Structure formats: C-alpha cells, structure tokens
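Contents: one structure, followed by commentary.
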Amino acid sequence: DTEAISTAVPAFLILASHLLASASGSDLTLISSLWFAPSRYRAQRRARRCSTTPAMALAHLAFRRALRRGSRGYHAAVHDHFTNPRNVGSLDKADKHVGTALVGKAACGDVIKLQVKVGDDGVIQDAKFKTFGCGSAIASSSYATERIIGQSIDEAAGIRNTDISSHLKLPPVKIHCSVLAQEAIQAAINDYKSKRNVE
C-alpha cells in the first residue's frame, strides 16, 4: 500500500496546497499519517468516528485512487523489502574498516547512504543503509545490503543493477533505483579502499 502511495507523489503534491489551505490541526495529523504511515492513517480515521471535512474527503479519495493505480506492477519482493527493510542504520564513519557512500540527489527524489564494514580478510562483515526516496529505492538498498554481507569486496563490486532489478522485478520506470544501489555499493567500497590504501 505504501509503495502505491509513493508512486503518486506528483499528484499528491499538487493536491497538498489545497488540502493545507482548508485542513484543521487534526486533519493535518491524519494527512501526515496517510502519507508516511498508511496503516496508522487507517486506524486514526476509524478512531475519529466523526464527520469528514472537505479536506479529508479529498485526501482519502486521492489515497484510494493511488492504491488502485499503484498497487499493480510491483513484485512481492519489493513490498517485502520496503515494509521489512534489512540493515537499516549507520556504521562509524571514522572506523578505518568502514566505507561510506552517499549517492543520488534530493532534487530528483532518491538519495542512498550505504556503508560497508570490511574485515581484515577483505570480506564484508556488515552493511547499513539509510534511504530517502520511493519504496523501490528503499527495497533496492535493503536487498543490496543483504546481498553483499559475506561477500568479498571484489565480489560485491561486481554486482550490477540488473542483478538487483531482476530479483526485485522492478518495473522499467524504477530501474534507476537499482542503478543507485549499484553506485552506492561501488562508492562505499572505493571509500573503504581509499582509507586502507587498497588497490
């Protein structure tokens, strides 16, 4: 459901100015939940049990339409990694065994921070990520970290975006998310190598 909403960003942003102009404080709480946590939105809407304001009626209509349009075309693997992301968090950037990458542009909608911790044997012991972006970007980051843990840095550097996109069955319009994940892996490994003076 949340992935479906994330595909409707442009429509929601156009709608937002109209919603905010007429929304009350309690409406804004619900609208925020609708966008960032749909399950909480549903619970709050049920709990409120009061007449729906014009702002909330419009928001709810946009919500339902986004689900109908966006729920088709995304594989279960995307939903799994988005709703249950693996390895979310951060590692100590100052650690000489840790390589850090920050790829993407906020203006374009997707930014991935990915870190790897490499052992003395050259094997990735841990990986963490934080992603600002759509569900497909989060799923790509989550799968990427899951896949590279236990691999040598050379093996991990060889992962291609097609490996990620084929596993997640990403639709064509979301392939760029897997490209960002590939770039993040390679950039994190390069950062680690630069710290350790590894060729």
Side-chain angles (χ1 to χ4, degrees), residues 1-13 32-42 62-91 98-117 124-151 153 155-191:
D1 285 359
T2 314
E3 169 61 17
I5 296 172
S6 68
T7 65
V9 172
F12 188 89
L13 292 179
S32 175
S33 296
L34 180 157
W35 182 250
F36 293 105
S39 59
R40 188 166 73 241
Y41 159 77
R42 293 192 188 98
F63 173 76
R64 296 299 297 271
R65 287 183 176 176
L67 292 185
R68 287 198 296 269
R69 287 198 306 271
S71 60
R72 300 185 295 274
Y74 287 92
H75 191 266
V78 173
H79 289 278
D80 178 35
H81 277 278
F82 176 62
T83 56
N84 303 290
R86 285 63 147 173
N87 307 306
V88 176
S90 298
L91 299 171
V98 172
T100 301
L102 185 65
V103 300
K105 295 180 180 179
C108 298
D110 297 304
V111 177
I112 296 174
K113 177 186 177 183
L114 188 145
Q115 295 177 294
V116 295
K117 184 172 185 178
I124 296 174
Q125 298 176 337
D126 198 5
K128 298 292 184 184
F129 83 93
K130 288 185 178 181
T131 295
F132 173 85
C134 68
S136 294
I138 294 170
S140 295
S141 306
S142 173
Y143 175 65
T145 58
E146 186 178 57
R147 176 159 176 167
I148 63 178
I149 293 175
Q151 291 189 339
I153 55 176
E155 289 174 325
I159 293 176
R160 295 291 174 259
N161 77 289
T162 50
D163 300 323
I164 298 170
S165 61
S166 62
H167 176 82
L168 297 174
K169 304 294 190 298
L170 294 178
V173 295
K174 294 296 182 179
I175 294 299
H176 68 279
C177 296
S178 63
V179 173
L180 279 181
Q182 175 191 326
E183 292 175 353
I185 293 171
Q186 294 174 343
I189 290 172
N190 288 338
D191 182 59

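Nothing here was measured: the structure is a model prediction, and the numbers come from that model. Positions are given from 1 along the sequence.
- A distance of 6.0 Å separates CG of D110 from CG of L180, quoted to the nearest 0.5 Å.
- Heavy-atom minimum distance, I189 versus A156: CD1-CB, 3.7 Å.
- Counting only distance, with no hydrogens or angles, the side chain of N190 and the backbone of Q186 share a donor-acceptor pair below 3.5 Å.
- Nearest heavy atoms, F129 versus S141: CD1-CB, 3.4 Å.
- With values rounded to the nearest 0.5 angstrom, Q125 atom CD is found 10.5 Å from I149 atom CD1.
- Minimum heavy-atom separation, I185 to A144: CD1-CB, 3.8 Å.
- Minimum heavy-atom separation, N87 to A127: CB-O, 3.1 Å.
- Once rounded to the nearest 0.5 Å, the distance linking CD1 of I164 with CD1 of I175 reads 10.5 Å.
- Using the six-membered ring where Trp is involved, Y143 and H167 have ring planes that are parallel, under 30° apart on the 30 and 60° scheme.
- Under the side-chain hydrogen bond (donor to acceptor under 3.5 Å, both in side chains) test applied with S142, the options H81, R147, R86 reduce to a single match, H81.
- Across T162, V103, N161, a single residue satisfies side-chain contact (heavy atoms from CB on, under 4.5 Å) together with V179, and that is N161.
- Atom NE2 in H176 sits 5.5 Å away from atom SG in C134 (nearest 0.5 Å).
- Separation of atoms NE2 (H75) and OG (S166) is listed at 11.0 Å; rounding is to 0.5 Å.
- In terms of heavy-atom proximity, G133 sits nearest to I138 at O-CD1, 4.0 Å.
- At least one side-chain heavy atom of Q151 sits less than 4.5 Å from a side-chain heavy atom of I159.
- Closest of all the heavy-atom pairs between S140 and S178 is OG-N, 3.8 Å.
- Taking 4.5 Å as the limit, some side-chain heavy atom of T100 sits within range of a side-chain heavy atom of K113.
- To the nearest 0.5 Å, atoms CD (Q115) and OG1 (T145) are separated by 11.5 Å.
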